[in-house]
2 protein chains.
Amino acid sequence: MDIMQEITGLELSPKKVEYLKFLLKKGGLVKTTDISNELNVDPSTSTKTITDLSESGYVDHVPYRGVQLTEVGKQYAEFFVNRHNILSLMLTHYGLSSEESCAEVSRFESFISKNAIDRICDSMGHPTVGVCGKIKHISCGSLDRL
Amino acid sequence: MDIMQEITGLELSPKKVEYLKFLLKKGGLVKTTDISNELNVDPSTSTKTITDLSESGYVDHVPYRGVQLTEVGKQYAEFFVNRHNILSLMLTHYGLSSEESCAEVSRFESFISKNAIDRICDSMGHPTVGVCGKIKHISCGSLDRL
DNA sequence: ATCAATCATTGGTATAATACCAAATAAGTT
DNA sequence: AACTTATTTGGTATTATACCAATGATTGAT
């Protein structure tokens, strides 16, 4: 059930990570056009990327109707959001502003392993409030999760 | 003179960063074959990459003879090494081993801005010893540099 | 219920980064 | 000078990302 146990966190490319995070934020059935608006890409680009994500099992795509995270996709997306939040919070501890941290993290987050995030999260005492949003600890290996 | 003043740190692609770091480590005139051995790429690949770096002004390349960092290239390379060391050191503060930190950092270091590194370095009190090697503070904006 | 307008997809093409192979060329060695 | 080894060139491939133009689907209005 817990797919997150054996992942590296490096499975998806930077842009695909953005797609999943947006799908989670939006929730439910999302139009590919919404994605292209949010991520500032041509609709054809989002359709193609969604097709990829669909073939890899992260989303369900019904052409002309919409996209939705699969259960696996949702778990990944939650990890991605947490990863972003943990890392942003971490950088603010070094004197970067929330905005700077967030921008910085956006550039490199997809290259940080789940293992590293788990350690960092652990070491920070599993904070629940970040600078970019709340942090959940469902997939981070925390003993006090739920 | 201090070119490092106005750089973002994001000018070079991940692989090119590796090239410059290796050239700095090796020092002097380096054969493209040495590079291809070190970085595990075909000699033709290293030649092409070096040609790029040469056209961008980071190295001087005399075909069939060798490559050498330009002054600008050397300053960049020094920044890259410091960036790696600072980030590795930072991650060890969160419970990652030296090896883990180093491996982790190797994946994302080229996406961290010089600005962020300067702040982190500042915040850590300009450490001179990292887990991947010594840290110099020539380009980090430290007042106590030199 | 059909047509027009809008939305979404497909097909083609492009770029940057990275890589390999085979062929050609230069260097070094005897 | 010939032969061997090192290096470069030219061609091609892959992955990730992107756009445009054309096609196809959906929907809202009449």
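All chains are named by letter (A, B, ...) in the order of the sequence lines, taking the proteins before the strands, and each is independently numbered beginning at 1.
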Any residue meeting side chain to side chain donor-acceptor pair (under 3.5 Å) with [X], in chain and number order, not counting sequence neighbours:
| X | answer |
| --- | --- |
| Arg65(B) | none |
| Gln68(B) | none |
| Thr45(B) | none |

Which residues share a salt bridge (charged side-chain N to carboxylate O under 4.0 Å, His left out) with Lys134(A), sequence neighbours left out: none

Gap between atoms [atom1] and [atom2], on [X] and [N] respectively (whole Å):
| X | N | atom1 | atom2 | answer |
| --- | --- | --- | --- | --- |
| Asn37(A) | dT6(C) | CG | C1' | 14 Å |
| Phe111(B) | dA16(D) | CZ | P | 13 Å |
| Asp42(A) | dA22(D) | CG | P | 14 Å |
| Leu12(B) | dA16(C) | CG | P | 15 Å |
| Asp34(A) | dT9(C) | CG | P | 11 Å |

By a strict heavy-atom criterion of less than 4.0 Å, which residues belonging to residues 44-63 of chain A are in contact with DNA chain C? Ser44(A), Thr47(A), Lys48(A), His61(A), Pro63(A)

Residues touching DNA chain C, which here means a heavy atom under 4.0 Å, drawn from residues 14-30 of chain A: none

Please collect all salt bridge (Lys or Arg N to Asp or Glu O under 4.0 Å) contacts where either partner lies in residues 39-63 of chain A, sequence neighbours excluded, each pair once. Lys16(A)-Asp52(A)

Does Arg65(A) have a side-chain nitrogen or oxygen under 4.0 Å from the phosphate oxygens OP1 or OP2 of dT27(D)? yes

Between the side chain of Asn85(A) and the main-chain N/O of Ile135(A), is any donor-acceptor distance below 3.5 Å? no

The side-chain contact (heavy atoms from CB on, under 4.5 Å) partners of Ser97(B) (sequence neighbours excluded) come to Glu99(B), Glu100(B)

Of all residues at least two apart in sequence or in a different chain, which pass the side-chain contact (heavy atoms from CB on, under 4.5 Å) check with Thr8(B)? Leu10(B), Glu11(B)

Report the residue (Leu39(A) or Tyr64(A)) whose heavy-atom-nearest nucleotide on DNA chain D is the more 5′ of the two. Leu39(A)

